[in-house]
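When a residue number appears, it is its place in the shown sequence, counting from 1.
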Amino acid sequence: MDLFKPLIALLAIVNPIGVIPFFIHFTQGFSREQRQRTIRVSAFSAFCVIAVSALAGLKIIEFFGISLASFQVGGGMLLLISSLQMLNAQPAEGRKEDVSEGNTKVDAGDSIAIVPLTIPLLTGPATISTMVIYADKTRHWWELAVLVGYGVVIALAVWVAFSLSGRIAKVLGQTGINVMTRLMGLILAALAVEVMSDGLVKLFPALAGSVR
């Protein structure tokens, strides 16, 4: 397993900098203590999604009788769709309805750390698919531990990005954030094509010969 590809894919999909405008919007009426709690819960929740997907994702798809090749093709298509959203400067896994739901929760005084900040704006189906696909490529326990460790890296990235959200927003501005989101989307699109091609070759071995 290429140890760096999962981390690159996760950073591109989660893209905490791209979610900063939503974090600022949802927490603008929060006290400092409430905002810090939201940051901690969001970071920890992102880690949990990634770690559980890496450790139990394969068992779940086996339970439903889904072949990994089919899952790779479907997951690759999902990543490609997410990358297209990012190329339009939108969060990889967010929808307009999620923002509306977040606004409703803010008005009600409820925590928005898990929904919609962590799920689906930070992590969601594309993140889960990525971890399951790369978990299958592991051959040793320490490689699986590395994938879980990447969950810690992503959690730290989320914590840092949200903690410095005000400064980052001032330095980059909306235009800078949009540019970074589009660049991450381009990287994610390339990874999506690679994942889909691996799945298609497994489903249709004859394709391997035609590619060569």
Check Gly199 against Gln72 and note the closest heavy-atom contact, atom names and distance. CA-OE1, 3.6 Å
Count I, L, V, M, F, W, Y as connected when their side-chain heavy atoms are under 4.5 Å apart, and connections chain through other members. Are Ile81 and Leu87 then in the same cluster? no
Using a 3.5 Å distance criterion without hydrogens, assess whether the side chain of Arg182 forms a donor-acceptor pair with backbone atoms of Met86. no
Angle class for the Phe22/Phe26 ring planes (parallel below 30°, perpendicular above 60°, tilted otherwise)? tilted
Show the nearest heavy-atom pair for residues Lys202 and Leu68, with the distance to one decimal. NZ-CD2, 4.0 Å
Indicate yes or no for a side-chain donor-acceptor contact from Tyr150 to the backbone of Leu3 under 3.5 Å, with no hydrogens or angles considered. yes
Taking atom types as modelled and ignoring hydrogens, do the side chains of Ser70 and Ser67 form a donor-acceptor contact shorter than 3.5 angstrom? yes
Starting from the C-alpha separation in whole Å, work towards a yes-or-no answer on side-chain contact (heavy atoms from CB on, under 4.5 Å) for Ile112 and Thr27. CA-CA 9 Å; Ile112 43 80; Thr27 61; 4.2 Å; yes
Could you tell me whether the side chain of Leu188 reaches within less than 4.5 Å of the side chain of Ser82, counting heavy atoms only? yes
A quick test of your reading: do over 12 heavy atoms of other residues, nucleotides or ligands sit less than 6.0 Å from CD of Glu33? no
Could you walk me through whether Thr138 and Tyr134 pass the side-chain contact (heavy atoms from CB on, under 4.5 Å) check? CA-CA 7 Å; Thr138 61; Tyr134 282 109; over 6 Å; no
For Ile13 against Ala126, the heavy-atom pair lying closest together: CD1-O, 3.9 Å
Evaluate the side-chain proximity of Met131 to Leu147: yes if any heavy-atom separation is below 4.5 Å, no if none is. yes
Evaluate the side-chain proximity of Val14 to Leu11: yes if any heavy-atom separation is below 4.5 Å, no if none is. no
Hey, are the side chains of Phe23 and Thr38 touching, using non-hydrogen atoms and a 4.5 Å cut-off? yes
Does any part of the side chain of Leu10, heavy atoms only, come nearer than 4.5 Å to the side chain of Thr127, both counted from C-beta? yes
When you group the ILVMFWY residues by side-chain heavy-atom contacts below 4.5 Å and let the links chain together, are Ile20 and Leu172 in the same group? yes
Check for a donor-acceptor pair, side chain of Asn88 on one end and backbone N or O of Gln90 on the other, with a separation under 3.5 Å. no
Intermediate values then yes/no, side-chain contact (heavy atoms from CB on, under 4.5 Å), Leu79 and Thr130: CA-CA 8 Å; Leu79 292 178; Thr130 299; 3.3 Å; yes
How about Gln36 and Ile39: do any of their side-chain heavy atoms sit closer than 4.5 Å? yes
Hey, is the main chain of Ala161 close enough, under 3.5 Å, to the side chain of Ser165 for a donor-acceptor pair? no
Residue pair Pro21 / Ile177, side-chain heavy-atom distance below 4.5 Å: yes
For Leu144 against Ala135, the heavy-atom pair lying closest together: CD1-CB, 4.2 Å
Nearest atoms (heavy-atom pairs only) where Gly57 meets Val132: CA-CG2, 3.6 Å
Are any side-chain N or O atoms of Ser45 and backbone N or O atoms of Ser42, one a donor and one an acceptor, separated by less than 3.5 Å? no
Between Val41 and Thr118, is the side-chain contact (heavy atoms from CB on, under 4.5 Å) condition met? List the steps. CA-CA 9 Å; Val41 173; Thr118 302; 5.9 Å; no
Determine the minimum heavy-atom distance between Arg139 and Asp136, stating which atoms define it. NH1-O, 2.8 Å
Glu143 and Lys137 ion-paired at < 4.0 Å: no
Are any non-hydrogen side-chain atoms of Phe47 and Val148 less than 4.5 angstrom apart? yes
